[in-house]
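For this chain, numbers begin at 1 and follow the sequence in order. Not measured: the values here are computed from a predicted model.
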Amino acid sequence: MVRHTSYRPGTPSWADVTSPDPDAGRAFYGALFGWTGEPATEPEARGYTVMMLGDAAVAGLAPTFGEMPALWSTYVTVADVDATLEAAAAAGGQVLMGAMGVLDVGRMAVIADPGGAALSLWQPGSHIGAEVRMEPSALCWVELNTRDPEAAVSFYGELFGWKAQQVGGPVAEGGPGFDYIMLQLGEVPVGGIITMDENWPAEVPPHWMVYFAVTDCDAAAAQVAQLGGAVCVPPTDIPPGRFAVVNDPGGAVFTIIALNPELFG
């Protein structure tokens, strides 16, 4: 297991989920991924749990408050959260939550891109983000679903220096039959973009999707259902592996994927 001790600014580095029933959420993810964790006792932490895979931090879980929905959030490491907020506003984004300190672990903020997808920013203190990646039961990919991919490419290029590479396209043109954009920081892939076309329900807003690696997608999807969650998109083969879109018992949606060993072996 490769341990991360830092992330280059502009790298998606953490994900957390809000849950209307944190005890049930911890039980669900514990059974599905083998995660463990206890809520923080400091009043300022508001019951936040850093979920662990063995002795490595892998994700967070927080209780919902008021009208807050159950959802997974993606965090991108930045060198200066205040400066990034100014840059986001100048590039056409919105500030949904201003910069705030989180004990001694770091500073965070939440923005929305021009299409409306929310994204969290993380300036690390004692917490660098996920200490393991690309391992079974750990974060392995993030993906933007948006109705305006051109605006997203421009916005994130200005904000993080991400470069876009078109890797999808029509089958008739030799493509895989879907429209996909790879985002890179330098030469390192950091995420993707899917265009939300007319096949997406109008009520589904643009959003960032988190992917967690599993060893067996079919078995993991079946376990999600057994644990009280639901399978939204059944196990399906794509070049990177076999994936399924699922939600936890609280309604938070995420993706599981058994990565193709020929590409990620």
Side-chain angles (χ1 to χ4, degrees), residues 6-19 40 42-48 50 59-130 139 142-164 181 183 185 190-196 203-210 252-254:
S6 65
Y7 285 96
R8 178 182 174 184
T11 304
S13 58
W14 185 246
D16 62 18
V17 63
T18 50
S19 174
E42 299 91 345
E44 302 90 337
R46 306 186 74 183
Y48 194 91
V50 174
L61 187 149
T64 56
F65 295 97
E67 299 299 318
M68 181 187 298
L71 53 78
W72 275 96
S73 297
T74 296
Y75 289 69
V76 173
T77 290
V78 298
D80 184 329
V81 72
D82 298 274
T84 306
L85 284 179
E86 292 183 10
Q94 293 179 280
V95 177
L96 300 183
M97 187 185 81
M100 60 174 287
V102 185
L103 301 173
D104 67 341
V105 298
R107 283 171 59 77
M108 69 168 291
V110 183
I111 62 173
D113 65 27
L119 182 70
S120 297
L121 308 174
W122 184 250
Q123 180 182 329
S126 61
H127 175 73
I128 59 98
L139 185 69
V142 297
E143 190 172 78
L144 173 65
N145 297 301
T146 181
R147 293 182 173 86
D148 194 345
E150 291 185 5
V153 166
S154 175
F155 175 77
Y156 290 112
E158 287 187 48
L159 193 62
F160 300 131
W162 291 350
K163 296 185 297 183
I181 297 171
L183 297 169
L185 181 62
V190 292
I193 296 178
I194 287 181
T195 300
M196 301 173 71
E203 65 271 17
V204 176
H207 59 279
W208 281 90
M209 173 70 77
V210 295
V253 180
F254 61 103

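Between Trp162 and Val190, the closest side-chain pair of non-hydrogen atoms falls below 4.5 Å. Between Ile181 and Pro149 the shortest side-chain heavy-atom distance falls below 4.5 Å.
Minimum interatomic distance between Pro9 and Leu185 (heavy atoms only, all atoms of both residues): O-CD2, 3.5 Å. In plain terms, the two heavy atoms of Ser73 and Val210 that are nearest each other are O-CG1, 4.5 Å. Among all heavy-atom pairs drawn from Gln123 and Val81, the shortest one is OE1-N, 2.9 Å. Across every non-hydrogen atom of Thr74 and Pro12, the tightest pair is CG2-CB, 4.4 Å. Considering every non-hydrogen atom in both Trp72 and Val253, the closest pair reads CD1-O, 3.5 Å. Scanning both residues, Thr77 and Pro124, for their nearest heavy atoms gives CG2-CD, 4.1 Å.
Applying the salt bridge (Lys or Arg N to Asp or Glu O under 4.0 Å) rule to pairs touching residues 152-164 yields Lys163-Glu187, sequence neighbours excluded. Under the ring pair (Phe, Tyr, Trp, His ring centres under 6.0 Å) criterion, the residue pairs touching residues 93-127 are Trp14-His127, Trp122-His127, with sequence neighbours excluded.
Remark: Ala117 engages Asp113, Leu144, Pro206, Trp208 in a side chain to side chain contact (heavy atoms under 4.5 Å, CB included) (not counting sequence neighbours). Legend: residues meeting side-chain hydrogen bond (donor to acceptor under 3.5 Å, both in side chains) with Glu143, ordered by chain and number and at least two apart, are Tyr180, Tyr211. Listed by chain and residue number, nothing satisfies the ring pair (Phe, Tyr, Trp, His ring centres under 6.0 Å) test with Phe155 (two or more places apart in sequence, or in another chain). Take Thr18 and apply the side-chain hydrogen bond (donor to acceptor under 3.5 Å, both in side chains) test, not counting sequence neighbours, and it matches no residue. Taking Thr195 as the reference, Asp179 meet the side-chain hydrogen bond (donor to acceptor under 3.5 Å, both in side chains) condition, with sequence neighbours excluded. With sequence neighbours excluded, the residues satisfying side-chain hydrogen bond (donor to acceptor under 3.5 Å, both in side chains) with Asp16 are Tyr48, Tyr75.
Note that CD1 of Ile128 and OG1 of Thr11 are 10.5 Å apart. Values are rounded to the nearest 0.5 Å.
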Under 3.5 Å, side-chain donor or acceptor atoms of residues 92-106 against the rest of the protein: list the pairs with distances, not counting sequence neighbours.
none

Which side-chain N or O atoms in residues 82-89 pair as donor and acceptor under 3.5 Å with protein atoms at least two apart or in another chain?
residue: Asp82; atom: OD1; partner: Arg107; partner atom: NH2; Å: 3.1
residue: Asp82; atom: OD2; partner: Arg107; partner atom: NH2; Å: 2.9
residue: Thr84; atom: OG1; partner: Asp80; partner atom: O; Å: 2.8

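Without hydrogens or angle criteria, Tyr7 side chain to Val76 main chain gives no donor-acceptor distance under 3.5 Å.
Other residues, nucleotides and ligands contribute at most 12 non-hydrogen atoms within 6.0 Å of the CD atom of Glu67.
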* Stepwise side chain to side chain contact (heavy atoms under 4.5 Å, CB included) check, Leu121 with Phe160 -> CA-CA 11 Å; Leu121 308 174; Phe160 300 131; 3.8 Å; yes

